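We count ligands from 1, going down the list as the structure has it; atoms in each ligand are counted the same way. As the structure is a prediction and not an experimental result, all values here were calculated from the model.
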Amino acid sequence: MFLDYSKIYLQAGKGGNGCISILREKYVEKGGPNGGDGGNGGSIVFYATSKVSTLIKFRGRKHFKSSPGVNGRGSSQHGKRGIDLRIDVPVGTVIKNAETGKIIVDLDQDGKEFIVAHGGKGGRGNARFAKYNESVPLYAEKGTAGDTFWVELELKLLSDAAIIGYPNAGKSTLISVVSNAKPKIADYPFTTISPNLGVCSLDLRRSIVFSDIPGLIEGASENCGLGHRFLRHIERSKVLLHLVSGEEPEKIIENYKIIRNELVKYSTLLADRTEIIVVSKADILNDKQKDDITKMFEKEKLEFFFISAATNYGIKELLEKVWEEVEKEKTRLQIQKEKIEREYIPEFTIKLNEDKIFNIKKENGIYYVTGKKISDIIEKTSMGNERALEKMQDKLENIGVFKALKEYGVKEGDEIDISGIRFEYSE
Ligand SMILES: Nc1nc2c(ncn2[C@@H]2O[C@H](COP(=O)(O)OP(=O)(O)OP(=O)(O)O)[C@@H](O)[C@H]2O)c(=O)[nH]1
Ligand SMILES: [Mg+2]
């Protein structure tokens, strides 16, 4: 079975804790701090490879974990970093955050890799906090948690031209004639249940990648038939080859419009894609029927091609047209890409406003302080350790949390929630 969608849970390794340790040696009266750092947690990396062609391995397994970093130890021994987990996926896999729906990465090239879930940071051991005017520091950082979230994997085929149309229109027959693909062909609908890819060589220099998409029917955009699953693949093809069977000559325009309508309903992007209309099985049409069909398309002001995969009629002309349109689309995409690159303003030129480092809001009498920096500080603090708590307060003070809370109207005894940890506010 061809699997083109999966939802999995990623859990990157936690960072190891920093260690609190004091050098104790005979004859050395006052030992120094020698707690080592915790190792960073292992990350989860996705790797696109043409050696894998489906997402089938994710059918049984849903949870993926990388190993945690090892805690630091005394004698300044740093903990080992956790081992990264590499997950191989087919080229064309798009990874999305399942909760927000935001695309994390589009693994559209063979060999492309991306860290999707980062391992937590190892905490620093107390050896790092020694200062000349301080006695032995009795605090160390805890390792932070690794990224954990659900992701959606979607495989979208990368082809130059997608062959679409009603079941039985002759799509698989066409791809088998023009390319190296050897799909199943039969005289019943829905013979093809998963897309086939095939490479067509026009000559030594020119080749086109075709995909043969399972039959679409009315309601496909609302998930009828094999529906959405396969409309998704079409999205990434540069050109659509819309096959309408010559078997119902009088209903040609009607049949064409039904599928056309599904594309429009599915997405405007798809509706705008270059479409080459093809009337298939021309060998069974007599001259009168062909004339009628030509007139019908003329009336609609639509260009089209007659072909017969059985006799090869019209195939060469069609392939030249597909090549021309694919090239046009590639040029258009290249210009678009260059334009985006020209207009791109790198993020670091945007000055971070001090107020934006954290947010404060009041709800049901509680003041909530949130923000990435805040959660980092909280996560790194060992809550049971008084010195660590003091350090945390200093850090919050330094970035202006207490000043901002006061301005916001916080009073003695009010409850504040700093990134999930509750405190009673006291001057
Ligand atoms: N006479 C004639 N028959 C054809 C031609 N092309 C395909 N057929 C026949 O049409 C039937 C359907 O062909 P397929 O290629 O399986 O059609 P499909 O569009 O892939 O169908 P699904 O996979 O079910 O969506 C088969 O019996 C083919 O032999 C052609 O050019 N001429
Ligand atoms: Mg087929």
Side-chain angles (χ1 to χ4, degrees), residues 1-4 53-54 157 159-200 208-221 223-234 237 239-252 254-263 266 270 275-290 292-294 297 304-319 321-322:
M1 193 189 142
F2 181 91
L3 253 199
D4 52 5
S53 55
T54 70
L157 291 183
S159 73
D160 296 318
I163 309 173
I164 60 161
Y166 264 115
N168 244 357
K171 301 178 295 297
S172 301
T173 310
L174 176 62
I175 202 172
S176 75
V177 167
V178 300
S179 81
N180 57 344
K182 298 275 164 279
K184 188 171 163 192
I185 294 166
D187 59 356
Y188 53 84
F190 298 115
T191 311
T192 306
I193 50 168
S194 65
N196 299 297
L197 280 187
V199 183
C200 160
I208 306 168
V209 180
F210 280 97
S211 55
D212 160 29
I213 307 293
L216 300 173
I217 54 168
E218 188 164 13
S221 63
N223 233 353
C224 289
L226 296 169
H228 262 173
R229 293 184 50 190
F230 298 115
L231 280 167
R232 194 155 60 210
H233 293 305
I234 308 172
S237 299
V239 168
L240 304 181
L241 217 64
H242 185 162
L243 257 62
V244 200
S245 171
E247 283 164 308
E248 293 183 299
E250 65 296 338
K251 283 176 73 183
I252 280 239
E254 190 185 324
N255 287 342
Y256 162 75
K257 283 188 174 167
I258 290 172
I259 299 301
R260 178 76 212 149
N261 195 26
E262 293 304 324
L263 301 181
Y266 180 73
L270 217 49
E275 181 192 52
I276 301 171
I277 307 168
V278 178
V279 173
S280 64
K281 311 191 188 181
D283 53 292
I284 57 165
L285 296 168
N286 60 34
D287 289 348
K288 162 91 176 55
Q289 286 169 317
K290 281 195 199 164
D292 290 347
I293 291 172
T294 307
F297 275 108
F304 78 102
F305 286 77
F306 276 122
I307 63 153
S308 163
T311 66
N312 257 338
Y313 171 76
I315 300 283
K316 194 160 180 341
E317 293 81 350
L318 175 66
L319 292 178
K321 173 74 176 172
V322 174

Could you list which atoms of ligand 1 come closer than 4.0 Å to a heavy atom of [X]?
X: Gly215; result: 25 (O)
X: Ser308; result: 31 (O)
X: Ile284; result: 1 (N)
X: Tyr188; result: 24 (O)

I need the nearest protein heavy-atom contact for [atom]: residue, atom name and distance, please.
atom: atom 32 (N) of ligand 1; value: Asp283 OD1, 2.9 Å
atom: atom 29 (O) of ligand 1; value: Ile185 CG2, 4.1 Å
atom: atom 31 (O) of ligand 1; value: Ala309 N, 2.9 Å
atom: atom 22 (P) of ligand 1; value: Asn168 N, 3.6 Å
atom: atom 15 (O) of ligand 1; value: Thr173 OG1, 2.5 Å
atom: atom 10 (O) of ligand 1; value: Lys281 NZ, 2.8 Å
atom: atom 25 (O) of ligand 1; value: Lys171 NZ, 2.9 Å
atom: atom 26 (C) of ligand 1; value: Ala186 O, 3.6 Å

Of the choices Ser172, Ala169, Gly165, Ser245, which has the non-hydrogen atom that lies closest to atom 20 (O) of ligand 1? Ser172
Does [Y] offer a backbone N or O that forms a donor-acceptor pair with the side chain of [X] under 3.5 Å?
X: Lys171; Y: Ser211; value: no
X: Ser280; Y: Ala169; value: yes
X: Asp160; Y: Val209; value: yes

Is Thr173 close enough to the Mg ion (ligand 2) to have an N, O or S atom under 2.8 Å? no
On a heavy-atom basis, which atom in [X] and which in [Y] lie closest, and how many Å separate them?
X: Ala309; Y: Ile315; result: CA-CD1, 4.3 Å
X: Val279; Y: Gly246; result: CG1-CA, 4.1 Å
X: Ala161; Y: Val322; result: CB-CG1, 3.9 Å

Heavy-atom pairs closer than 4.0 Å: do any link ligand 1 to the side chain of [X], the backbone, both, or neither?
X: Pro183; value: neither
X: Ile307; value: neither
X: Leu243; value: neither

Looking only at side-chain N and O atoms, does Glu275 offer a donor or acceptor that is under 3.5 Å from a partner on Tyr256? yes
Evaluate the side-chain proximity of Leu241 to Phe210: yes if any heavy-atom separation is below 4.5 Å, no if none is. yes
Taking side chain as C-beta onward, heavy atoms only, is Ile164 less than 4.5 Å from Leu263? yes
Ignoring angles and geometry beyond distance, decide whether [X] reaches within less than 3.5 Å of ligand 1 through its nitrogen or oxygen atoms.
X: Pro167; answer: no
X: Ala310; answer: yes
X: Lys184; answer: no

Judged by non-hydrogen atoms, does Ser280 sit under 4.0 Å from ligand 1? no
In Å, rounded to the nearest 0.5 Å, how long is the span from CD1 of Ile234 to NE2 of His242? 9.5 Å
Is the NZ or CZ atom of Lys290 positioned over Tyr313's six-membered ring, under 6.0 angstrom from the centre and within 45° of the axis? yes
Should the heavy atoms of other residues, nucleotides or ligands under 6.0 Å from CG of Asp287 be counted, would the total exceed 12? no
